[in-house]
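Reviewing the structure listed below.
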Amino acid sequence: MSIEKRIELIKQIEDFQRSKVICYVTGDRAPFTTQIADDAIRVIRRHLDSIGINKRISLFLYSRGGDMVAPLRIVRLIREHCEVFNVLIPYRAHSAATSIALGADEIVMGKSGELSPVDPTTVHPFNPQDPNNPQQRIPISVEDVTSYLFLAKEKAGIRDEQMVSVFNELANKINPLALGNIYRTYRMARSLTEKLLGLHMDIHKEKNKIETIVQNLTEKLCIHGYLISRTEAEKEIGLNIIKPDEKLETLMWALYEGYEEEMKLNQPFVPLEILKDEGVKTFSYYGSYIESAYGSDGFLFKAEIKRIEPAPGQIQATVNIKPIGWCRIN
């Protein structure tokens, strides 16, 4: 879908919502995957400066996650420009995208909308080496560590006085500094979640509700890839979920499909199919978009595919991908 058609859909959502709309879409098509990150903040600010101060601003969001701290900065920036901030979630808003949603007054979730836990996975210089690639470190999930301790206590029946040996066994496998980083990251995840909720909830009057939400999203849902539907988000977790009516649902999904089509999110990257009969082919690809009625920015990749024949009758391709960064499209 062309930029012009996407911006027309953005304007239709604005009219329907009586709200200014910014879209932040990160891509999950390998090898052009992108994540929510600090580098988007200046781009979002440029769109906000064009929009100006408004009663309501909506962030149309699609992402599989990203940096743990960036959501708080993004939400605070947007809330500087409006009285009411909501997010529009037609489909996936996982991990860091869920964190952004927690900072909104309203979470407008379509029928296919998904949130996820915000428990982080850490990569630290003292994490164990990847046996398949000694230059890399194995990421460690915070919940994997706590689940090991709960397994020992709750399932194996190990008494409190014996937990020291259980912890020592863990420390023999994972460097204590890496374990310390895991706990620090866990505390940070809780703190950031509380801060985001506190931007629109009364931290004194709604203390118990905030704690329930924090526990659910950082501890109780033990699998990071667990997907939270809008009904569960509202009924079991306690978030302020708004179900769009049929018109808004249709507009949100059409806009998502516009990005899906443009970014080929549901199509695998097959170099030889792109190369066809050519020996070398270069092309550009936008792995993220930030758009509003005032223009479009994309995170640009430059790629080169070369045909090689390592042996008679064998045809392969080498791929060189270079991330360029955010570029103004129009």
Side-chain angles (χ1 to χ4, degrees), residues 3-26 36-63 66-67 69-90 93 96-110 113 192-206 210 239-242 244-245 247-248 251-252 255-256 258-259 288-299 326-330:
I3 292 174
E4 291 74 21
K5 289 182 178 179
R6 294 199 302 271
I7 289 180
E8 179 57 35
L9 282 170
I10 290 171
K11 290 178 179 179
Q12 290 182 47
I13 294 174
E14 286 186 330
D15 291 342
F16 194 85
Q17 281 280 92
R18 296 181 181 178
S19 171
K20 294 296 182 180
V21 174
I22 297 176
C23 298
Y24 185 15
V25 176
T26 69
I36 290 169
D38 285 348
D39 62 358
I41 291 173
R42 289 179 63 87
V43 184
I44 292 172
R45 172 170 178 165
R46 185 174 68 79
H47 284 263
L48 288 168
D49 288 343
S50 297
I51 289 171
I53 305 299
N54 277 268
K55 173 75 174 178
R56 297 172 63 89
I57 292 179
S58 302
L59 183 68
F60 180 96
L61 191 57
Y62 176 89
S63 178
D67 180 77
V69 179
L72 182 61
R73 296 182 63 193
I74 291 170
V75 172
R76 282 175 170 168
L77 176 62
I78 295 174
R79 296 188 74 96
E80 288 284 339
H81 292 76
C82 63
E83 295 179 28
V84 179
F85 167 51
N86 63 30
V87 293
L88 307 176
I89 300 175
T98 295
S99 293
I100 290 176
L102 297 178
D105 299 287
E106 301 169 347
I107 304 173
V108 183
M109 289 183 71
L192 290 170
T193 303
E194 290 170 356
K195 288 180 183 295
L196 285 159
L197 293 169
L199 293 175
H200 58 90
M201 297 176 69
D202 190 310
I203 60 174
H204 300 294
K205 293 181 180 179
E206 299 180 277
I210 289 174
L239 298 176
N240 185 24
I241 303 298
I242 305 296
D245 64 15
K247 175 65 174 178
L248 182 56
L251 289 172
M252 288 169 55
L255 183 54
Y256 164 72
Y259 288 110
S288 288
Y289 283 97
I290 296 174
E291 295 184 323
S292 69
Y294 296 88
S296 174
D297 292 84
F299 188 94
W326 285 101
C327 302
R328 189 177 302 188
I329 301 174
N330 74 350

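Atom set for the values below is all heavy atoms of this structure, side chains included, hydrogens, waters and symmetry mates excluded.
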Does the distance from a Lys or Arg side-chain N to an Asp or Glu carboxylate O, for R45 and D49, drop under 4.0 Å?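 Salt bridge between R45 and D49, a charged N being under 4.0 Å from a carboxylate O: yes.
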
Note, [X] side chain near [Y] side chain (heavy atom, < 4.5 Å):
X	Y	result
I36	I74	yes
L192	P71	no
V21	F16	no
V43	F299	no
L88	Q17	yes
N240	D105	no

Nearest 0.5 Å please: distance from the [atom1] atom of [X] over to the [atom2] atom of [Y].
X	Y	atom1	atom2	result
L248	I13	CG	CD1	6.5 Å
M109	I242	CE	CD1	12.0 Å
E8	L255	CD	CG	11.5 Å
S296	E4	OG	CD	9.0 Å
S50	K20	OG	NZ	10.5 Å
D38	R73	CG	CZ	4.5 Å

Residue of the set H47, E83, H81 for which side chain to side chain contact (heavy atoms under 4.5 Å, CB included) holds with I57: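 Going through the options one by one, the only one that passes is H81.
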
List the steps and the verdict of side chain to side chain contact (heavy atoms under 4.5 Å, CB included) for L199 and F85. CA-CA 10 Å; L199 293 175; F85 167 51; over 6 Å; no

Closest non-hydrogen atom pair between [X] and [Y], with its separation:
X	Y	answer
R56	E106	NH2-OE1, 3.1 Å
P90	F60	CG-CZ, 3.5 Å
D202	I210	O-CD1, 4.1 Å
I10	C23	CD1-SG, 3.6 Å
Y289	R6	CE2-NH2, 3.6 Å
G103	R79	O-NH1, 2.9 Å

Is the side chain of T98 donor-acceptor paired with the backbone N or O of A93 at a distance under 3.5 Å, no angle test?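 Side chain of T98 to backbone of A93, a donor-acceptor pair under 3.5 Å: yes, one is there.
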
Is a side-chain donor or acceptor of N54 paired with a backbone partner of S19 at a separation under 3.5 angstrom? no

Which is it for L239 and L102 under the side chain to side chain contact (heavy atoms under 4.5 Å, CB included) test, yes or no, and what are the steps along the way? CA-CA 8 Å; L239 298 176; L102 297 178; 3.6 Å; yes

Taking the six-membered ring for Trp and the full ring for Phe, Tyr or His, determine whether the centres of Y259 and Y62 are under 6.0 Å apart. no

Dump the intermediate steps for side chain to side chain contact (heavy atoms under 4.5 Å, CB included) on I107 and V87, then the final yes or no. CA-CA 5 Å; I107 304 173; V87 293; 3.9 Å; yes

Give the intermediate values and the outcome of side chain to side chain contact (heavy atoms under 4.5 Å, CB included) for residues L59 and I44. CA-CA 10 Å; L59 183 68; I44 292 172; 5.5 Å; no

